[in-house]
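Encoded as structure tokens, the structure appears first; notes follow it.
If you're wondering where the values come from, they're calculated on a predicted model, not measured in any experiment. Both ligands and their constituent atoms are indexed starting at 1 by order of listing.
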Amino acid sequence: MKFKNSCVSDCSLIQLLKIHNRAGNITAINELVDVPFEIKRVYYLYDVPGGEERGGHAHKRLHQLIIAASGSFDIILDDGKQKKTFHLNRPYFGLSVLPGIWREINNFSSGSICLVLASELYSSEDYVRDYSIFKELKNER
Ligand code: TYD
């Protein structure tokens, strides 16, 4: 989906399969089965100090699935018109975040781990870090 056309309403929570076991559970994420993109990169945020915020940008091409692998946090998505907050607190739910969506992540619980599956390798060129430029790009005809 193009940067300017993506909407918050197209970003949804995906429930992943939880394989129950008395000795602990497993959740697996299969490329193009459980996520709608090829997984080129995996990264995770951890040791986030209390009160810190992450994100504060949009991506031009990157599609992500964001998971609270441990603990909890809030993700605020913004398409320039509509905003929506998702509270992630289960390791078997992933939030699909499309390109062209501004995101902030805050309210990290102590020891939380934010796991991100990404459709592209890291590229600084893919970031839009200025909110007014983001708004201009969303309003382009
Ligand atoms: P950034 O994506 O801005 O972090 P967040 O959205 O969580 O606040 O990345 C922070 C820094 O880490 C930035 O200098 C780029 C670097 N970085 C990489 O080198 N590779 C990566 O895969 C990621 C996600 C970030």
Report all protein residues having a heavy-atom distance below 4.0 Å to some atom of ligand 1; order the list by chain, then number.
Arg41, Tyr43, Leu45, Arg54, Gly55, His57, Tyr122, Tyr127, Arg129
When you group the ILVMFWY residues by side-chain heavy-atom contacts below 4.5 Å and let the links chain together, are Leu45 and Ile76 in the same group?
no
Minimum side-chain heavy-atom gap Phe108-Glu52 below 4.5 Å
no
Lys135 side chain to Gly80 main-chain N or O, any donor-acceptor pair under 3.5 Å?
yes
Flag the pair Phe86 / Arg103 as yes when at least one side-chain heavy-atom distance between them is below 4.5 Å, and no otherwise.
no
Single-linkage hydrophobic cluster, 4.5 Å side-chain cutoff, Leu62 and Phe134 together:
no
Qualifying ring pair (Phe, Tyr, Trp, His ring centres under 6.0 Å) pairs with a residue from residues 48-68, counting only residues at least two apart or across chains
Phe37-His63, His57-His59, His57-Tyr127, His59-Tyr127
